[in-house]
Protein chains: 2
Amino acid sequence: MAATAHFSTKDRILGAAEELFAQFGFTGTSLRQVTSRASVNIAAVNYHFGSKENLVNEVFRRRMDDMSAQRLAALKTALEQCPGELEPILAAFVEPALALAQDKHGGGAFVRVVARAYAEKNDSLRKFLSDHYGHVLREFAKAIAAAVPGLSKEELYWRLDFLAGALTYAMADFGLIKRPAGVTEAAHRERAARELILFAAAGFKS
Amino acid sequence: MAATAHFSTKDRILGAAEELFAQFGFTGTSLRQVTSRASVNIAAVNYHFGSKENLVNEVFRRRMDDMSAQRLAALKTALEQCPGELEPILAAFVEPALALAQDKHGGGAFVRVVARAYAEKNDSLRKFLSDHYGHVLREFAKAIAAAVPGLSKEELYWRLDFLAGALTYAMADFGLIKRPAGVTEAAHRERAARELILFAAAGFKS
DNA sequence: GTCTATAGAAGGATAGAC
DNA sequence: GTCTATCCTTCTATAGAC
């Protein structure tokens, strides 16, 4: 917490790992690549993180803690200010993720790391995410259930999965939609959020 | 094409590789795992495929060609038998992917291979996909545009992206929904297809 | 076409000096 | 906390017998 622009060894490792994981995947990235990009010694990873697996988890924790807090805060606001409305709940879920994706301070790569996480079938990571962030999804499930009465629990969870998939895919820029030259990235993301909320709201209500 | 239940060494390698790639990823799978599962010698891979990278390409192409053909055939049938209806078009897009996902004959995990391929920020792979399979997406875009009049081209492509994302995510089994013990895999997949088509149809029509 | 054997490179992880 | 040096494993790929 010092008033310095200096990044610690630990932070440099996390940043380098995030970028490389996004580009090459978890198994496709060696610790040697990570430490080389971070300009630290190969031994530093095991000193600070203990193992490669734990480094993967920490890369996630760094971004997810923040995003989860933002989602829950936005959800609280939505429920207070627009009780019974679905769209504000979906916005509380979607917008923090998209904000992270356009964050110049490194968040962009993280989005692709998330996409990696489900493309690779990393069970230990999956368990880590479920253990640490499952409660966020459950909060949203509760809120959506209240806003869309008559939806069975099963249908609700299916649709939450679809929303998460569409969000991840859109964030990672996988699809057909490329940002036009005349549009700022912020405007593009806002458009994405608007379109996705509209699409998903209709889906949840169907 | 002989009338024999015998699989060649080459086919056994392809089948084993596909299953393992889906489970552990391209980089997470070693050729030793592949040849061990295929009950062939380690040297056979390089004899038949030249390199690991080329094996990856062949695995991918084999399934992708097949799925694309099925999608287009199903689309043709849908347009002939249910002109003007959206749901059959979506089914033609979703079901071949799901059918492949439950195919025990090696296709079982292919969809995760596709998910992985998308997650690669690999431009040459992307170009390959776009060059070889882009026309399939364009056919579906045309059909959906006709079934949902008044949708702008931009909105249409956004929603196609959301559909592809939701499909990929659901296929990768990453989400909340786990197949219950008492439900067969086939029934689970059918449920997924039904839910997704319903969800997406509402989204496209919104 | 399929095997054994192995070359040669790269991986994760650790010991121990500083 | 950070370094050098190294251990041990695993990898892809190939050479050469059959």
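In what follows, every chain begins at residue 1, and chains take the letters A, B, ... in the order their sequences are listed. Computed from a predicted structure; not experimentally measured.
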Query raised in the report: dT2(D) phosphate, OP1 or OP2: any side-chain N/O from Y47(A) under 4.0 angstrom?
Result: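 For Y47(A), the contact criterion (side-chain N or O under 4.0 Å from OP1 or OP2 of dT2(D)) is not met.
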Query raised in the report: Does a nitrogen or oxygen in the side chain of T9(A) sit under 4.0 Å from OP1 or OP2 of dT2(D)?
Result: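 Looking at the OP1 and OP2 atoms of dT2(D), one of them is under 4.0 Å from a side-chain N or O of T9(A).
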Query raised in the report: Hey, what's the ring geometry for W158(A) with H188(B), parallel, tilted or perpendicular (30° and 60° as the breaks)?
Result: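 Taking H188(B) first and then W158(A), their aromatic rings sit tilted (interplane angle of 30° to 60°).
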Query raised in the report: How are the rings of F162(B) and F199(A) set relative to one another: parallel (under 30°), tilted (30 to 60°) or perpendicular (over 60°)?
Result: tilted
[X] [atom1] to [N] [atom2], straight-line distance once rounded to whole Å:
{"X": "I13(A)", "N": "dG1(D)", "atom1": "CD1", "atom2": "P", "answer": "12 Å"}
{"X": "H48(B)", "N": "dC3(C)", "atom1": "NE2", "atom2": "C1'", "answer": "12 Å"}
{"X": "L31(B)", "N": "dA13(D)", "atom1": "CG", "atom2": "C1'", "answer": "9 Å"}
{"X": "F49(A)", "N": "dG1(D)", "atom1": "CZ", "atom2": "C1'", "answer": "13 Å"}
{"X": "K52(A)", "N": "dA10(C)", "atom1": "NZ", "atom2": "C1'", "answer": "12 Å"}
{"X": "R32(A)", "N": "dT4(D)", "atom1": "CZ", "atom2": "P", "answer": "13 Å"}

Query raised in the report: Pairs in or reaching into residues 35-59 of chain B: which pass salt bridge (charged side-chain N to carboxylate O under 4.0 Å, His left out), with residues at least two apart or in two chains?
Result: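 Applying salt bridge (charged side-chain N to carboxylate O under 4.0 Å, His left out) to every pair that reaches into residues 35-59 of chain B, excluding sequence neighbours, yields E19(B)-R37(B).
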Query raised in the report: With R138(A), which residues qualify under side chain to side chain donor-acceptor pair (under 3.5 Å), at least two apart?
Result: none
Query raised in the report: Is the closest side-chain donor-acceptor distance between N41(B) and Y47(B) under 3.5 Å?
Result: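 Their side chains do not contain a donor-acceptor pair, so the 3.5 Å distance test is not met.
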Query raised in the report: Can a cation-pi geometry be assigned to R71(B) and F93(B), taking NZ or CZ under 6.0 Å from the six-membered ring centre and within 45° of the ring axis?
Result: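 Yes, R71(B) and F93(B) form such a contact.
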Query - Within residues 34-45 of chain B: residues closer than 4.0 Å to DNA chain D (heavy atoms) - result: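 Under 4.0 Å from DNA chain D: A43(B).
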Query raised in the report: Taking the side chain of N46(B) as its heavy atoms from C-beta onward, which of dG12(C), dT2(C), dT14(D) lies nearest to it?
Result: dT14(D)
Query - DNA chain C: 5'-proximal contact among S30(A) and G50(A) (nearest heavy atom) - result: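 The residue whose closest nucleotide sits nearer the 5' end is S30(A).
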**Report entry** SB check E95(A) R189(A) (cutoff 4.0 Å)
**Finding:**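 A salt bridge is absent here (no side-chain N lies under 4.0 Å from a carboxylate O).
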Requested in this report: Mind checking T29(A) for me? I need base, sugar-phosphate or nothing, with any heavy atom below 4.0 Å counting as a touch.
Outcome: sugar-phosphate
